[in-house]
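Report on the structure given below.
Values below: all heavy atoms of this structure, side chains included; hydrogens, waters and symmetry mates excluded.
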Amino acid sequence: MTLEAKAVLLTGASGGIGQALAQQLDQAGATLWLTGRNEAALKTLAAKLSRPAHIVIADLASNAGRQHLLENLGTQPLDAVVFAAGTNHFALLGDQNAEQLSQLINTNLLAPMQLTQSLLPRLSADARLLYIGSSLGAIGYPGFAAYGASKAGLRSFAQALRREWADSPRQVCHIAPRATQTEMNSTAMQQMNQQLKVKADSPQWVASQVLRQLQATQMHDQDLGYPEKLFIRINAVLPGVVDNAITSQLPVIKRYAKQNVSQALTTGEAL
Ligand SMILES: NC(=O)c1ccc[n+]([C@@H]2O[C@H](COP(=O)([O-])OP(=O)(O)OC[C@H]3O[C@@H](n4cnc5c(N)ncnc54)[C@H](OP(=O)(O)O)[C@@H]3O)[C@@H](O)[C@H]2O)c1
């Protein structure tokens with residue numbers, strides 16, 4: 001599909017992957033609706049684009065925020081929506097409180113589901129919906145139990161919706177990046193990834209994979225990066241093999257998960 005003059009809504013536009021994607025969508029000629037909570041970041045991003053973009057400041061985890069977005073979308077039907085907004089807390093389950101679990105599920109799973117439902121009357125007849133999940137939504141990983149659960153839910157939601165629309169021209173796909181170099185990864189997460197030799201992709205490359213799907217004749221689900229792509233398949237048929245591989249990493253994971261919690265407390269960041 002050509003993106004020239006197509007109306008595209010991008011959530012999480014102020015984030016690392018979102019900003020890279022907004023620039024690539026702009027280059028491809030799309031008319032953009034950029035949403036996030038960080039107004040300064042969105043304005044700086046919009047100033048870099050070659051054509052005017054619409055900015056809507058909204059907390060998508062709240063009913064009021066989603067309503068505000070809907071009221072500011074204009075009347076043009078949306079040709080594509082990319083759901084990139086998300087949040088992460090790297091901590092062992094015992095170090096997270098109930099509110100943090102709710103925030104993860106709410107932002108990463110319930111909000112995109114509810115937003116999708118509200119957007120149905122606003123979509124063009126052949127609209128494309130693309131959800132950004134995570135490899136951790138297919139491989140349960142210590143320190144990411146709640147994040148992984150939220151992303152596993154999103155994976156399943158996108159798959160079911162694609163099947164629900166199999167008799168229509170609308171398309172749905174899910175892209176699962178592995179670690180990506182954005183602010184979502186705290187210092188402790190980056191140090192753990194380095195020690196465990198986990199590869200991290202650039203947000204520009206991840207954005208290019210999203211763009212490729214949006215432009216394809218037929219969109220397809222994608223798990224990004226080797227060996228994660230392979231582990232996802234092994235995990236589906238032989239989870240015990242992956243259990244053993246992860247158990248050997250457990251002392252390192254636990255150390256950095258604890259470090260992440262104490263660093264967040266010191267800096268005052270939300271976990
Ligand atoms: N970075 C990684 O390693 C990685 C790996 C796999 C998957 N992913 C997924 O890729 C997507 C993009 O992540 P990223 O790496 O670009 O992270 P990021 O730089 O932290 O950006 C996250 C984005 O989500 C938005 N967001 C968070 N909570 C929100 C809320 N309540 N309402 C509205 N917007 C909200 C943020 O907006 P504001 O800042 O304006 O609030 C920001 O635009 C996420 O879904 C993430 O789970 C990331």
Side-chain angles (χ1 to χ4, degrees), residues 12 14-18 36-38 41 59 61 84-111 132-155 176-203 206 223-232 234-236 238-271:
S14 48
I17 294 172
R37 295 169 301 180
N38 184 335
D59 178 351
T87 190
N88 195 356
H89 306 144
F90 172 39
L92 302 176
L93 188 65
D95 291 333
Q96 290 181 307
N97 60 38
E99 196 185 323
Q100 287 161 340
L101 300 191
S102 300
Q103 193 203 4
L104 276 168
I105 299 297
N106 211 9
T107 306
N108 293 349
L109 178 58
L110 197 54
I132 301 194
S134 166
S135 55
L136 300 179
I139 302 178
Y141 202 78
F144 298 94
Y147 176 77
S150 70
K151 292 296 191 178
L154 191 67
R155 182 180 283 260
R178 62 178 174 184
T180 308
Q181 295 144 358
T182 71
E183 286 184 6
M184 179 167 280
N185 292 313
S186 62
T187 308
M189 280 166 75
Q190 290 173 42
Q191 289 171 341
M192 178 182 79
N193 285 342
Q194 259 176 357
Q195 185 165 345
L196 295 176
K197 299 191 170 32
V198 172
K199 291 185 194 148
D201 295 313
S202 74
V206 172
D223 295 311
L224 300 181
Y226 280 103
E228 287 77 1
K229 195 194 267 262
L230 182 64
F231 285 159
I232 288 172
I234 296 173
N235 192 47
L238 295 168
V241 171
V242 178
D243 285 354
N244 290 338
I246 291 177
T247 301
S248 68
Q249 302 176 332
L250 195 54
V252 175
I253 299 169
K254 284 189 166 176
R255 179 154 53 83
Y256 283 109
K258 291 283 182 194
Q259 186 179 312
N260 198 47
V261 173
S262 57
Q263 276 172 352
L265 287 173
T266 317
T267 58
E269 282 172 41
L271 221 201

Let me see the working for Asp223 and Glu228 under side chain to side chain contact (heavy atoms under 4.5 Å, CB included), right down to the final yes or no. CA-CA 8 Å; Asp223 295 311; Glu228 287 77 1; over 6 Å; no

About how many Å separate NZ of Lys258 and CG of Leu92, when rounded to the nearest 0.5 Å? 5.5 Å

Gly153 versus Leu109, closest heavy-atom pair with distance: C-CD1, 3.4 Å

Closest heavy-atom pair, Ser202 versus Gln181, reported as atoms and distance to 0.1 Å, is CA-OE1, 3.5 Å

Would you confirm whether Thr180, through its side chain, and Arg178, through its main-chain N or O, come within 3.5 Å as a donor-acceptor pair? yes

So how far is it from Ile105 CD1 to Lys151 NZ, rounded to the nearest 0.5 Å? 10.5 Å

The reported gap from OG1 in Thr87 to CD in Gln103 (rounded to nearest 0.5 angstrom) is 5.0 Å

To the nearest 0.5 Å, atom CZ of Phe231 lies from atom CG of Leu238 at 13.0 Å

Trace of the side chain to side chain contact (heavy atoms under 4.5 Å, CB included) decision for Gln96 with Tyr147: CA-CA 11 Å; Gln96 290 181 307; Tyr147 176 77; over 6 Å; no

Determine, step by step, whether Asn108 and Leu154 satisfy the side chain to side chain contact (heavy atoms under 4.5 Å, CB included) criterion, reporting the C-alpha distance in whole Å, the side-chain angles of both residues, the deciding distance to 0.1 Å, and the verdict. CA-CA 7 Å; Asn108 293 349; Leu154 191 67; over 6 Å; no

Over all atoms of both residues, closest heavy-atom pair of Met192 and Val252: CG-CG1, 4.4 Å

Criterion side chain to side chain contact (heavy atoms under 4.5 Å, CB included) on Ile246 and Ile139, from CA distance to verdict: CA-CA 10 Å; Ile246 291 177; Ile139 302 178; 4.1 Å; yes

So, does Gln190 use its side chain to make a donor-acceptor pair with the main chain of Asn185 at under 3.5 Å? yes

Is it true that a side-chain atom of Lys229 and a backbone atom of Ser135 form a donor plus acceptor pair closer than 3.5 Å? no

Testing Met184, Met189, Gln259 one by one against Phe90 for a side-chain contact (heavy atoms from CB on, under 4.5 Å), which residue passes? Met189

Kindly give the heavy-atom pair with the smallest separation between Ala179 and Val198, and that separation in Å. CB-CG1, 4.3 Å

Is the closest side-chain heavy-atom distance between Leu104 and His89 below 4.5 Å? yes

For a 4.5 angstrom cut-off between non-hydrogen side-chain atoms, does Gln195 reach Tyr256? yes

Which heavy atom of Pro142 sits nearest a heavy atom of Ile253, and at what distance? O-CG2, 3.5 Å

Nearest-0.5 Å distance, CG of residue Leu196 to OG of residue Ser248: 8.5 Å

Shortest non-hydrogen pair, Ala257 vs Ala91, comes out as CB-CA, 4.3 Å

Short side-chain to backbone donor-acceptor contact, Asn106 and Ala111, under 3.5 Å: no

